[in-house]
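Each remark here refers to the structure printed beneath this line.
Chain naming here is simple, since letters A, B, ... match the order of the sequence lines and numbering starts at 1 in each.
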Protein chains: 2
Amino acid sequence: MKATIKEVAKEAGVSISTVSRVINGRDRVSKQTLRKVQQAVDKLQFRPDHVARTMINKKTKTIGLIVPQLSNEYWALMSEVIQNELWSMGYTTLICSTDSEVDKESAYLKMYIERRVDGIIYCSFPYTQGATQDQVDILRQSGIPVVTLDPAISGFSCVVGDHLFGSFSAVEHLIQLGHRSIAYIGGPAVSIEREFGYRKALMMYGVNVEESLICLVNGQSFSDGHNALMKLRESGAAFDALFCGNDLLAFGAIKAMEEAGVRVPEDVAVVGYDDIFSARLFKPALTTVRQPIPDIAKELVTLLIQAVDLDPDQRPARKIVIPTELVVRESSGAAQPVAASD
Amino acid sequence: MKATIKEVAKEAGVSISTVSRVINGRDRVSKQTLRKVQQAVDKLQFRPDHVARTMINKKTKTIGLIVPQLSNEYWALMSEVIQNELWSMGYTTLICSTDSEVDKESAYLKMYIERRVDGIIYCSFPYTQGATQDQVDILRQSGIPVVTLDPAISGFSCVVGDHLFGSFSAVEHLIQLGHRSIAYIGGPAVSIEREFGYRKALMMYGVNVEESLICLVNGQSFSDGHNALMKLRESGAAFDALFCGNDLLAFGAIKAMEEAGVRVPEDVAVVGYDDIFSARLFKPALTTVRQPIPDIAKELVTLLIQAVDLDPDQRPARKIVIPTELVVRESSGAAQPVAASD
DNA sequence: TTGAAAGCGCTAACAG
DNA sequence: CTGTTAGCGCTTTCAA
């Protein structure tokens with residue numbers, strides 16, 4: 001089926017090292033043997049076994065990527081860009097989707113280590129602190145370079161979004177539009193910083209922080225947003241604006257408001273976070289804080305590849321902050337003039 | 001850094017074969033040595049090298065997946081489900097996104113072969129027939145089991161959507177709603193069958209097939225749909241319904257109509273294909289033909305894993321057709337009563 | 001029950 | 001320029 005270097009050598013009537021030379025193109029080989037070998041290679045459809053090569057040069061040329069949910073638009077695009085970027089640098093990507101389950105993460109991590117990946121891009125940290133520590137220890141001992149997105153782990157490089165500033169500007173935008181009762185729906189992990197940005201904006205503008213307007217959820221999906229809004233309404237809280245920890249949450253919340261007869265942005269102005277592709281398509285088009293995925297992906301890859309060829313102890317632990325940008329659309333009621341009837 | 005079996009053997013004071021026995025749990029080992037070895041393993045944080053194992057048992061426990069575009073909602077979910085499914089069967093997935101570029105596909109395929117993946121799930125065939133033949137030959141000679149989604153390749157198993165029936169039912173739906181000027185926007189590849197379904201429905205119902213209402217595009221993205229609709233309008237074609245080869249195309253087309261002041265579904269009823277998650281969120285909610293991604297993914301994985309342990313010549317080439325289902329929502333104007341003003 | 005030794009397919013010195 | 005040889009880390013006979 002698949003020929004080995006040995007068979008090629010026999011076919012070409014040379015030694016296996018000569019064949020090795022030809023396929024690697026490093027050492028010089030006489031034109032004659034070169035041709036002979038090439039013919040044999042073609043005839044036998046020989047392709048060097050990457051696994052065997054790995055045994056020798058200790059490089060799998062493989063990077064492990066961990067994301068919370070591949071089917072989420074945000075992570076799908078992130079994964080695609082990372083995969084492309086790595087491919088252009090000669091690497092293959094192993095992508096695993098954890099569903100934010102701690103056990104899965106550990107399992108994937110172990111698998112990556114056993115497979116001797118050259119590096120790991122870690123975009124999903126479990127929320128429970130204890131578990132996290134375990135993973136970090138495993139990772140450290142493995143000696144495999146790691147870069148993370150968002151939660152910084154000491155000793156590893158990371159890329160972080162400017163969540164505090166991003167959400168600050170989102171809420172500031174709502175305040176400047178005249179809103180004073182601004183609700184917040186968000187979750188754990190990075191969303192905590194987004195909540196801080198929300199609080200900071202309110203405080204800086206002298207708006208009272210109303211704890212009953214803050215709804216914390218566990219997930220970050222459409223239905224989580226939907227449920228959160230229902231809860232908020234049931235609690236009897238009144239608000240004329242809403243900031244959500246991500247776009248999907250915002251979609252769900254807006255849907256729930258619609259169902260309840262609340263108009264967006266006329267009754268409640270909404271701002272999301274991420275600027276996924278659908279944000280533009282959504283109706284009303286979502287005002288949101290853009291996180292430039294391609295930039296983030298490139299930084300992650302660059303940081304990781306830099307670390308790959310270095311000894312574990314001399315790998316820099318850099319931290320790169322990615323700036324965010326407020327994208328104003330219809331859902332905050334600022335992009336377009338309010339209807340005449342209003 | 002990472003300990004080898006040799007070091008564990010030394011640490012435990014036994015031979016490497018004994019260590020091998022312990023970590024594989026196959027042969028019996030005396031309780032004493034068992035404990036000694038386990039201690040050594042724990043102490044050195046030993047994890048067997050998957051690469052070295054692969055050299056021996058000839059199984060990488062890795063499956064290569066090729067999709068056209070990972071950032072596309074449809075493929076993202078498909079990839080996630082496939083990855084999960086394979087993981088539960090002990091396999092790791094290598095995911096590559098080709099952007100439908102022939103060169104990339106070839107490159108990925110070659111990489112998969114060199115890495116000795118145990119199987120390939122091929123969800124993206126380039127459109128140019130000549131190039132396709134090359135890939136097929138490469139694949140055949142490699143002896144690696146392959147399953148494809150949609151385009152059937154002789155000798156390999158495949159899973160196909162029931163495109164002809166699916167699009168037939170979509171167009172039938174529009175006809176039953178009273179439409180007679182039904183436009184079609186679609187592309188190459190599987191969309192050809194969807195076009196046939198469109199034609200068939202028109203013919204069966206005695207509606208004249210108006211070639212000027214058929215707009216073929218090359219891609220399958222939002223902007224392709226947008227452009228297609230503009231072209232259709234510029235050509236002066238008049239239609240009161242539109243069937244699109246996929247949901248994204250439909251989104252783009254609807255957006256273009258909106259911009260031109262055409263109301264959906266009042267002026268033009270629209271039906272898409274796939275039923276991606278956004279179809280529900282879109283406004284108007286999209287009537288579309290559902291392709292059950294989880295079912296498709298499971299079939300693909302099952303077929304592939306069945307083939308993995310068989311000799312190339314006795315692998316069955318099965319073909320599984322996945323039924324589709326028309327999901328009626330607002331965009332076709334049937335789900336909800338038309339507004340009173342109409 | 002355990003150890004020694006022979007590879008898996010390839011690369012990399014080291015000789016010729 | 002080319003061939004020989006020694007492994008990479010592990011599993012697997014085959015003896016002991």
>> Quick check for you: name the first and last nucleotides of DNA chain D, 5' to 3', having an atom under 4.0 Å from a heavy atom of chain A.
In response: D:dC1 to D:dG9
> Going by an N to O cut-off under 4.0 Å, is there a salt bridge joining B:D118 and B:K61?
Replying inline: no
Under 3.5 Å, sequence neighbours excluded: what are the donor-acceptor pairs made by side chains of residues 32-44 of chain A?
from, atom 1, to, atom 2, distance (Å)
A:T33, OG1, A:S30, O, 2.9
A:T33, OG1, A:S30, OG, 2.8
A:K43, NZ, A:E11, OE2, 3.1

> Can you name the salt bridge (charged side-chain N to carboxylate O under 4.0 Å, His left out) partners of A:R47, sequence neighbours left out?
Replying inline: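 Salt bridge (charged side-chain N to carboxylate O under 4.0 Å, His left out) check on A:R47 returns B:E114.
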Under 3.5 Å, sequence neighbours excluded: what are the donor-acceptor pairs made by side chains of residues 292-313 of chain A?
from, atom 1, to, atom 2, distance (Å)
A:T302, OG1, A:K298, O, 2.7

Among residues at least two apart in sequence or on other chains, which ones pass side-chain contact (heavy atoms from CB on, under 4.5 Å) with [X]?
| X | answer |
| --- | --- |
| A:T93 | A:L65, A:Q83, A:L86, A:I95 |
| A:K58 | none |
| A:I56 | none |

>> Show me the pairs that pass ring pair (Phe, Tyr, Trp, His ring centres under 6.0 Å) and involve residues 82-110 of chain A, at least two apart or across chains.
In response: A:W87-B:Y108, A:Y108-B:W87
> What pairs meet the salt bridge (Lys or Arg N to Asp or Glu O under 4.0 Å) rule with one or both residues in residues 71-98 of chain B, with sequence neighbours excluded?
Replying inline: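 Passing the test, one end in residues 71-98 of chain B: no pairs.
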> When every nucleotide of nucleotides 7-16 of chain C is labelled 5' to 3' by its protein contacts under 4.0 Å (heavy atoms), B for base, S for sugar-phosphate only, - for none, what sequence of letters results?
Replying inline: BBBBBBB---
>> By the 4.0 Å heavy-atom rule, please label B:T33 as base, sugar-phosphate, or nothing.
In response: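 Sugar-phosphate, no base atom in range.
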> Hey, does the side chain of B:T18 come within less than 4.0 Å of C:dG3's phosphate (OP1/OP2), counting only N and O?
Replying inline: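 Yes, within the criterion.
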> For A:D137, which residues count as a side chain to side chain donor-acceptor pair (under 3.5 Å) partner, sequence neighbours excluded?
Replying inline: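 Side chain to side chain donor-acceptor pair (under 3.5 Å) check on A:D137 returns A:Q133.
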> So how far off straight is the helix from C:dT1-D:dA16 to C:dG16-D:dC1, going by the axes through five pairs at either end, to 10°?
Replying inline: 40°
